[in-house]
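Only one structure is covered here, and it is reproduced in the block below.
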Amino acid sequence: MNDRNGSAGVSETEYAQRRLEMVRSQLEARGIRDPRVLGAMAKVPRHLFLPPEFSHRAYEDAPVPIGLGQTLSQPFIVAFMTEKLELRGDERVLEIGTGSGYQTAVLAELVEGVYTVEVLETLSLKARVVLDRLGYRNISFAIGDGRLGWREEAPFNAVLAAAASEEVPGSLRHQIADGGRLILPLGEEHQDLWLFRATEGSWTSRRLVPVRFVPLIHGSAPSN
């Protein structure tokens, strides 16, 4: 059977080898330890979420353009953010910024349900096509302003924002269940990744690492 259906003559077997090398050299070597996260990163075909002209860069240690001024985060950041949410498998997770759909797929491998909001309709529709083709059935999509969360589907056990905000959007705080976690980049020119945890009506916060994300775009209320 010929599996040479990747772009630019790269076979799916070769892409699978690149994924395993990515996991070894970029994730495990930098301290990612959660076996479920590593397994998801080794499974999800990252190259399928990129425009054809960039698919050969899928497993590089760098962000990759996906069009409309947006990027797909480097593999380590995807794994790092996912691991910090401490997902067990029974959670409902809100993702702010569907983007290419790659982070969505990684989350979908790990939890009961993913609710993903994207302000750019074109990106949302493209991501949905890829995710449907790959067989994911535990993902719900909405188009709108991610800062508003998804009130109709709240509460969530975890929230992951893949775009930077100047401050934590107030709407998100009210949509997180007790014990829930929120991870997002904060800042404009200088950004840091922050982890927040809701416990009995109070919040704890921890600054993690410097990052560089595209800004969170304003829009209308989410609709699916």
Side-chain angles (χ1 to χ4, degrees), residues 5-34 36-85 95-110 114 116 118-120 122-124 126-127 130-131 134 146 160-165 183-195 207-217:
N5 53 9
S7 64
V10 180
S11 72
E12 291 301 321
T13 297
E14 290 173 275
Y15 274 131
Q17 293 171 343
R18 292 183 187 184
R19 279 198 299 281
L20 292 178
E21 175 59 22
M22 173 193 76
V23 169
R24 185 192 66 78
S25 64
Q26 298 179 38
L27 309 185
E28 292 179 325
R30 294 183 189 170
I32 302 298
R33 293 289 178 262
D34 187 328
R36 298 180 68 242
V37 173
L38 294 171
M41 298 289 290
K43 177 181 178 182
V44 177
R46 181 175 164 96
H47 58 283
L48 296 182
F49 293 89
L50 291 170
E53 63 269 27
F54 292 118
S55 60
H56 66 286
R57 296 181 51 191
Y59 302 103
E60 293 180 2
D61 183 21
V64 185
I66 60 172
L68 301 178
Q70 306 299 299
T71 59
L72 169 55
S73 297
Q74 71 186 100
F76 174 76
I77 290 296
V78 173
F80 182 82
M81 294 178 72
T82 305
E83 184 175 62
K84 291 302 179 184
L85 290 177
E95 179 190 33
I96 305 303
T98 311
S100 70
Y102 175 71
Q103 172 77 78
T104 319
V106 171
L107 291 171
E109 290 285 341
L110 301 172
V114 180
T116 183
E118 171 59 55
V119 71
L120 299 173
T122 300
L123 288 184
S124 180
K126 285 182 178 180
V130 178
L131 291 162
L134 290 174
L160 184 152
S165 178
I183 190 164
L184 81 167
L186 292 177
E188 293 184 85
E189 184 176 352
H190 301 287
Q191 300 173 4
D192 291 295
L193 196 62
W194 285 80
L195 177 66
R207 183 165 55 188
L208 300 174
V209 293
V211 290
R212 188 63 182 171
F213 279 80
V214 296
L216 191 59
I217 301 174

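Side-chain contact between Thr104 and Phe49 is absent, with no heavy atoms from C-beta onward closer than 4.5 Å. Side chains of Val211 and Val209 form a contact here, defined as non-hydrogen atoms less than 4.5 Å apart. At least one side-chain heavy atom of Arg24 sits under 4.5 Å from a side-chain heavy atom of Glu21. Counting heavy atoms from C-beta on, the side chains of Val106 and Met41 come closer than 4.5 Å. Considering only heavy atoms from C-beta on, Pro45 comes within 4.5 Å of Leu134 through its side chain. By the 4.5 Å heavy-atom criterion applied to side chains, Leu208 and Asp192 are not counted as neighbours.
A donor atom on one side chain and an acceptor atom on the other are found under 3.5 Å apart for Thr82 and Gln103. Side chains of Thr116 and Glu95: a donor on one and an acceptor on the other come within 3.5 Å.
Taking each heavy atom of Phe213 and Ala162 in turn, the nearest pair found is CD2-O, 3.3 Å. In terms of heavy-atom proximity, Val37 sits nearest to Ala79 at CG1-O, 3.9 Å. The shortest heavy-atom contact between Gly99 and Ala127 is O-CB, 3.8 Å. When all heavy atoms are compared, the tightest approach of Ala42 to Leu20 is CB-CD2, 4.1 Å. Nearest heavy-atom pair across Met22 and Tyr102 is CE-OH, 4.4 Å. The two residues Arg212 and Glu189 make their nearest non-hydrogen contact at NH1-O, 2.7 Å.
The line from CG of Leu85 to CG of Leu110 is 9.5 Å long, rounded to the nearest 0.5 Å. Taken to the nearest 0.5 Å, the NZ atom of Lys126 stands 10.5 Å off from the CG atom of Leu120. Note that the CD1 atom of Ile183 and the NZ atom of Lys84 stand 8.0 Å from one another [nearest 0.5 Å].
At least one donor-acceptor pair under 3.5 Å links the side chain of Glu14 to the backbone N or O of Ser11. Side chain of Gln191 to main chain of Ala164: no donor-acceptor pair is present (N/O by atom type, distance under 3.5 Å, no hydrogens or angles).
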Stepwise, does the side chain to side chain contact (heavy atoms under 4.5 Å, CB included) test hold for Gln17 with Thr13?
CA-CA 6 Å; Gln17 293 171 343; Thr13 297; 4.1 Å; yes
Side chain to side chain contact (heavy atoms under 4.5 Å, CB included) evaluation trace for Leu193 with Arg207
CA-CA 6 Å; Leu193 196 62; Arg207 183 165 55 188; over 6 Å; no
Evaluate salt bridge (Lys or Arg N to Asp or Glu O under 4.0 Å) for Glu83 paired with Arg33, printing each intermediate quantity in order.
CA-CA 8 Å; Glu83 184 175 62; Arg33 293 289 178 262; over 6 Å; no
Evaluate side chain to side chain contact (heavy atoms under 4.5 Å, CB included) for Ile96 paired with Leu184, printing each intermediate quantity in order.
CA-CA 9 Å; Ile96 305 303; Leu184 81 167; over 6 Å; no
Side-chain donor-acceptor pairs of residues 59-71 under 3.5 Å, sequence neighbours excluded:
residue: Tyr59; atom: OH; partner: Arg19; partner atom: NH1; Å: 3.1
residue: Tyr59; atom: OH; partner: Arg46; partner atom: N; Å: 3.0
residue: Tyr59; atom: OH; partner: His47; partner atom: N; Å: 3.4
residue: Tyr59; atom: OH; partner: His47; partner atom: ND1; Å: 2.8
residue: Glu60; atom: OE1; partner: Arg57; partner atom: NE; Å: 3.2
residue: Asp61; atom: OD1; partner: Arg30; partner atom: NH1; Å: 3.3
residue: Asp61; atom: OD1; partner: Arg30; partner atom: NH2; Å: 3.4
residue: Asp61; atom: OD1; partner: Gln74; partner atom: NE2; Å: 2.8
residue: Asp61; atom: OD2; partner: Arg30; partner atom: NH2; Å: 2.2
residue: Gln70; atom: NE2; partner: Leu68; partner atom: O; Å: 3.4

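A search for ring-ring contact (aromatic ring centres under 6.0 Å, His included) contacts involving Phe76 returns Phe80, not counting sequence neighbours.
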